[in-house]
Amino acid sequence: MGPRRIVCLTEEPTEALYALGEQDRIVGISGFTVRPPRARREKPKVSAFTSAKVEAILALRPDLAIGFSDIQADIAAELVRRGVEVWIANHRSVDGILDYIRRLGALVGVAAKADAWAGELQRGLDAARERAQQRGVRPRVYFEEWDEPLITGIQWVAELVRIAGGEDAFPELSTQSLARDRILADPSVVVGRAPDIILGSWCGKKFRPDRVAARPGWDAIPAVRDGELHEIRSPLVLQPGPAALTDGLAAIEAVIDAWFRRRAG
């Protein structure tokens, strides 16, 4: 039932299909896939974020390709022109991730299983919210998605910060789906927001707290003054899939909880 030969152009459908026990449907994956680790051993890598090996994809005879957002619009258009059915998801929120899991499950004929899993993930989110309420105090958190130029976190990241017990430093920007609309042209605006915690998740390269702390004027920021600069690995949080709601949330919550304990102690 449903598509039998699926090419996953990003990681989140791969992770979700494996979790649902439907990995045998996958015939190709993104080269950036890290979850689950076995997928990299078992499936051919046929795409990146903005490019794909179209001929290699066609050779796999897919009956569906799954991608994400405007980032992959050109790939999707080329595959459609070549006769491949394509689903480009465009969710940008925590609720959108849960809905994505349900829709993907329905697409491959395991709607009940996907709905149950989404419910389990929702309960994990609710439990994190309850823990945050018990702490009471909420640190202001600046999440940096990129450093050249400075880009703040997308909506689902800002929502995870809130769920984990923090307050996003730039809530007015988080709802902007395109990265270019979340650029901070003037780094000094971060100083004005005075975040208690800085989280860095530079996609594709290691976060450098020393470079962040050395920015002009940033020594006045509480997070810099107190050494609260932490990396959240990008595979955990910058892809709108299950990882963000589990390991990504846990990583953010661990930083916030440690901040609260130091403050309380």
Side-chain angles (χ1 to χ4, degrees), residues 10-12 32 34 48-50 68-73 90-94 96-97 138-241 243-245 247-256 258-259:
T10 55
E11 180 182 85
E12 56 272 8
F32 288 101
V34 296
F49 287 131
T50 58
F68 176 70
S69 83
D70 56 286
I71 295 173
Q72 298 193 315
N90 208 25
H91 54 289
R92 306 300 173 106
S93 66
V94 167
I97 296 172
R138 287 181 171 271
R140 181 171 294 182
V141 179
Y142 166 57
F143 187 98
E144 188 169 285
E145 191 174 303
W146 192 246
D147 65 325
E148 297 174 324
L150 270 58
I151 300 177
T152 64
I154 199 167
Q155 183 176 350
W156 73 79
V157 173
E159 291 174 349
L160 289 174
V161 166
R162 175 74 180 172
I163 291 168
E167 293 289 351
D168 180 41
F170 291 93
E172 74 278 13
L173 296 181
S174 66
T175 56
Q176 301 297 318
S177 62
L178 301 180
R180 65 170 179 262
D181 295 327
R182 288 179 278 111
I183 290 175
L184 301 177
D186 180 4
S188 69
V189 298
V190 180
V191 180
R193 298 293 171 101
D196 301 293
I197 296 172
I198 293 175
L199 300 178
S201 190
W202 297 348
C203 189
K205 65 180 181 181
K206 186 171 177 58
F207 177 60
R208 293 289 302 274
D210 55 327
R211 291 185 181 178
V212 174
R215 292 171 184 166
W218 281 43
D219 55 344
I221 296 176
V224 175
R225 180 193 65 215
D226 300 336
E228 296 286 355
L229 296 92
H230 307 275
E231 180 175 33
I232 305 293
R233 293 193 300 113
S234 57
L236 298 184
V237 74
L238 289 187
Q239 297 186 70
L245 306 188
D247 292 351
L249 173 60
I252 296 171
E253 187 179 15
V255 171
I256 292 175
W259 174 89

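We number each residue from 1, following the sequence as shown.
Separating the OH atom in Tyr142 from the CD1 atom in Ile221 is a distance of 8.5 Å, to the nearest 0.5 Å. A distance of 4.5 Å separates NZ of Lys206 from CD of Glu231, quoted to the nearest 0.5 Å. Rounding to the nearest 0.5 Å gives a distance of 10.0 Å between CG of Leu245 and CD of Glu159. The structure places CD of Glu12 at 6.5 Å from CZ of Phe68, a figure rounded to the nearest 0.5 Å. Rounded to the nearest 0.5 angstrom, Gln155 CD and Asp168 CG are separated by 10.5 Å. Atoms CG and CG, on Asn90 and Asp70 in that order, are 6.5 Å from each other to the nearest 0.5 Å.
Across Ile97 and Pro240, no two heavy atoms sit closer than the pair CG1-O, 3.6 Å. Contact between Ala244 and Leu160 at its shortest, heavy atoms only, is O-CD1, 3.3 Å. Nearest heavy-atom pair, Ile256 versus Gly166, reported as atom, atom and distance to 0.1 Å: CD1-N, 3.6 Å. Residues Ile154 and Ser177 come closest through the heavy atom pair CD1-O, 3.7 Å. Between His230 and Val255, the shortest heavy-atom contact is CD2-CG1, 3.4 Å. Here the closest heavy-atom approach between residue Val34 and residue Pro235 is recorded as CG2-CB, 3.7 Å.
Here Ser174 pairs with nothing under the side-chain hydrogen bond (donor to acceptor under 3.5 Å, both in side chains) rule; sequence neighbours left out.
Side-chain contact between Pro195 and Glu228 is absent, with no heavy atoms from C-beta onward closer than 4.5 Å.
Between the Trp156 side chain and the His91 main chain, no donor and acceptor come within less than 3.5 Å of each other. Although no hydrogens or angles enter the test, the distance criterion places a donor-acceptor pair under 3.5 Å between the side chain of Gln72 and the main chain of Phe49. With hydrogens and angles ignored, the 3.5 Å screen pairs a side-chain donor or acceptor of Arg140 with a backbone N or O of Arg193.
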Handout entry: side-chain contact (heavy atoms from CB on, under 4.5 Å) evaluation trace for Ile232 with Phe207
Key = CA-CA 8 Å; Ile232 305 293; Phe207 177 60; over 6 Å; no
Exercise for the section: Decide side-chain contact (heavy atoms from CB on, under 4.5 Å) for Trp259 and Asp226; before the verdict, give the C-alpha distance in whole Å, the side-chain angles of both, and the deciding distance to 0.1 Å. Expected result: CA-CA 10 Å; Trp259 174 89; Asp226 300 336; 5.5 Å; no
Exercise for the section: Could you walk me through whether Ile163 and Ile252 pass side-chain contact (heavy atoms from CB on, under 4.5 Å), step by step? Expected result: CA-CA 9 Å; Ile163 291 168; Ile252 296 171; over 6 Å; no
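Sequence neighbours left out, the pairs with a member in residues 174-186 that pass salt bridge (Lys or Arg N to Asp or Glu O under 4.0 Å) are Glu145-Arg182. The salt bridge (Lys or Arg N to Asp or Glu O under 4.0 Å) pairs that include a residue from residues 211-225 are Glu144-Arg215, where partners are two or more places apart or lie in different chains.
Remark: Arg138 CZ is packed, more than 12 non-hydrogen atoms of other residues, nucleotides or ligands lying under 6.0 Å away.
Taking 4.0 Å as the cut-off between side-chain N and carboxylate O, Lys205 and Asp147 count as a salt-bridged pair.
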